[in-house]
Amino acid sequence: MRLVSIKQARPGMKVGRTIFTEDGKTLLGVGVTLTERLIQGLTRSGIDSLYIEDERTEDIVVEDVIRPETRQTAVEAIVKTVKQITNSNKLARKVSLNEMGLLFQQACNSILDDMMGNQQLLLHLTSISTHSPSLYHHSVNVAVLAAAVGMSLGYSRSQLMELSIGAMLHDIGKVQLPPELLQKQERWNEEEQEIAKQHTMLGFNLLRKQHDISLLSAHVCLQHHERLDGSGYPQGLKGKNIHEYAQIVGICDVYDSLTSPRPWRKRYMPQDALEYLFGAGGHLFEHHLIKAFSKHIAVFPIGSSVVLNTGEVGVVCRVDPDYCHRPTVRVLKDGRGNDVRVPYELDLKSQINLFIVGFEDEELFSLEGLAQNSAN
């Protein structure tokens, strides 16, 4: 399979990887043949890319480190919690979240089991999401990324549970923000950003009252926007006053936000998001945490279409975790843009005169510079 932008999708193409709705249900399953109507529906849903089946790349399999049913269980836990909070808000009564901790313990246990059983995938996560950027899927993505970092740091199972639950609930306070703010399709102005910053304290106050949610998980919600140099919020904490869990989730939150599309901007390329994070090392985030995070990110994800310096276009078919910038590429078009009769593979580790200059689907990605608030 290979990844294409929604603008490149054509009737007759077949879906190569399940596409989910915002609330975790299956929208289109593997093997579904696209029609013009389906493509238009995906576009309206905010989906900017999808994996398609292709006989030239049929042996290239893009796997998520967690199973689709695990993702669905996690998303449903968040959806249920959001509905409970929303209903309480509408009725102007105290939020009561029965069995909240149990819901998320079950979801995170399944995530950790899947990840521990997929060590090869864990070595280098590919693109873990091609959904529209909803609160639900973003929260699960951040939980998966944070758990991967925790594993690389040697965290115990109980620590991984605290971390992943905190990661999955890091943005839960946003549910208590004004609905018109969350539904806005343009970038927030300064006044709106100040209102949005309240989500960290709102979420913390919600979680710290839950007897079955660890106080450290609640502090992830409170501190994930704090930064080493004191430039973060809500308390302007510095250095070691910020819990390591919160720093990890802050890194994962920034990365997933940057590499997901927004109504006002396209997604950033993985290498650009990583470069931003490395540039933030030492003043926004701890260097060793960024390094631990980077070990699990494929700069050129399997299934993505890339352009070589020769003009040849191909699909990334293998990634060596030790040489993430030098994957193996299956060439589908020659330097003149013509389809090759027989696709061939180039291992860039051994072809030192060849290198990737970009993605074929450049229209998917923003080429603007990354500002300090670009994760919003």
Using modelled atom types only, decide if a donor and an acceptor are shared between the side chain of S164 and the backbone of A143 within a distance under 3.5 Å.
-> no
Starting from F204, walk the hydrophobic network (Ile, Leu, Val, Met, Phe, Trp, Tyr; side-chain heavy atoms closer than 4.5 Å) and list everyone else you reach, by chain and number.
-> M201, L215, L222
Return yes if some donor-acceptor pair links the side-chain N/O of Q223 with the main-chain N/O of H243 below 3.5 Å, else return no.
-> yes
The salt bridge (charged side-chain N to carboxylate O under 4.0 Å, His left out) partners of R67 (sequence neighbours excluded) come to E69, D114
So with a 6.0 Å cut-off around CD of E55, is the heavy-atom count from everything else above 12?
-> no
Under the side chain to side chain contact (heavy atoms under 4.5 Å, CB included) test, residues paired with V61 that sit two or more places apart | E63
For Y255, enumerate each residue passing the ring-ring contact (aromatic ring centres under 6.0 Å, His included) test, keeping only those at least two apart in sequence or located in another chain.
-> F293
Applying side chain to side chain contact (heavy atoms under 4.5 Å, CB included), name anything that partners K25, two or more places apart in sequence or on another chain.
-> T21, D23, Q72, E76
Just jot down the side-chain hydrogen bond (donor to acceptor under 3.5 Å, both in side chains) partners of K291, sequence neighbours excluded, or say none.
-> none
Tracing side-chain contacts under 4.5 Å among Ile, Leu, Val, Met, Phe, Trp and Tyr outward from V313 reaches V307, F355, V357
Which residues pass the side chain to side chain contact (heavy atoms under 4.5 Å, CB included) test with N353, sequence neighbours left out?
-> Q351
Identify every side-chain donor-acceptor pair in residues 33-44 under 3.5 Å, counting partners at least two apart or on other chains, and give the distances.
from : atom 1 : to  : atom 2 : distance (Å)
T35  : OG1    : L38 : N      : 3.1
T43  : OG1    : I39 : O      : 3.0

For K83, does the NZ atom have more than 12 heavy-atom neighbours from other residues, nucleotides or ligands under 6.0 Å away?
-> no
Salt bridge or not for R336 and D334, using N-O below 4.0 Å?
-> no
Is the number of heavy atoms from other residues, nucleotides or ligands under 6.0 Å of H288 NE2 greater than 12?
-> yes
Begin with the C-alpha distance, continue with both residues' side-chain angles, and end with the deciding distance and a verdict on side-chain contact (heavy atoms from CB on, under 4.5 Å) for M100 and L207.
-> CA-CA 9 Å; M100 180 183 185; L207 296 182; 3.3 Å; yes
Start with the C-alpha gap between I85 and Q176, add the side-chain angles, then the distance that decides, and say whether side-chain contact (heavy atoms from CB on, under 4.5 Å) holds.
-> CA-CA 8 Å; I85 297 172; Q176 295 183 299; 3.8 Å; yes
Residues which pass ring-ring contact (aromatic ring centres under 6.0 Å, His included) with H199, listed by chain and number, not counting sequence neighbours = H224, H225
Taking atom types as modelled, is there a side-chain donor on Y344 or E312 under 3.5 Å from an acceptor on the other?
-> yes
Stepwise, does the side-chain contact (heavy atoms from CB on, under 4.5 Å) test hold for T73 with Q106?
-> CA-CA 9 Å; T73 297; Q106 292 172 338; 5.8 Å; no
One should read off an interatomic distance between K197 NZ and L177 CG, to the nearest 0.5 angstrom, of 13.0 Å
Passes side-chain contact (heavy atoms from CB on, under 4.5 Å), L135 versus V175? Steps please.
-> CA-CA 9 Å; L135 168 66; V175 182; 4.1 Å; yes
Which residues share a side chain to side chain contact (heavy atoms under 4.5 Å, CB included) with Q271, sequence neighbours left out = M269, V299, F300, F359
E53: salt bridge (charged side-chain N to carboxylate O under 4.0 Å, His left out) partners, not counting sequence neighbours = none
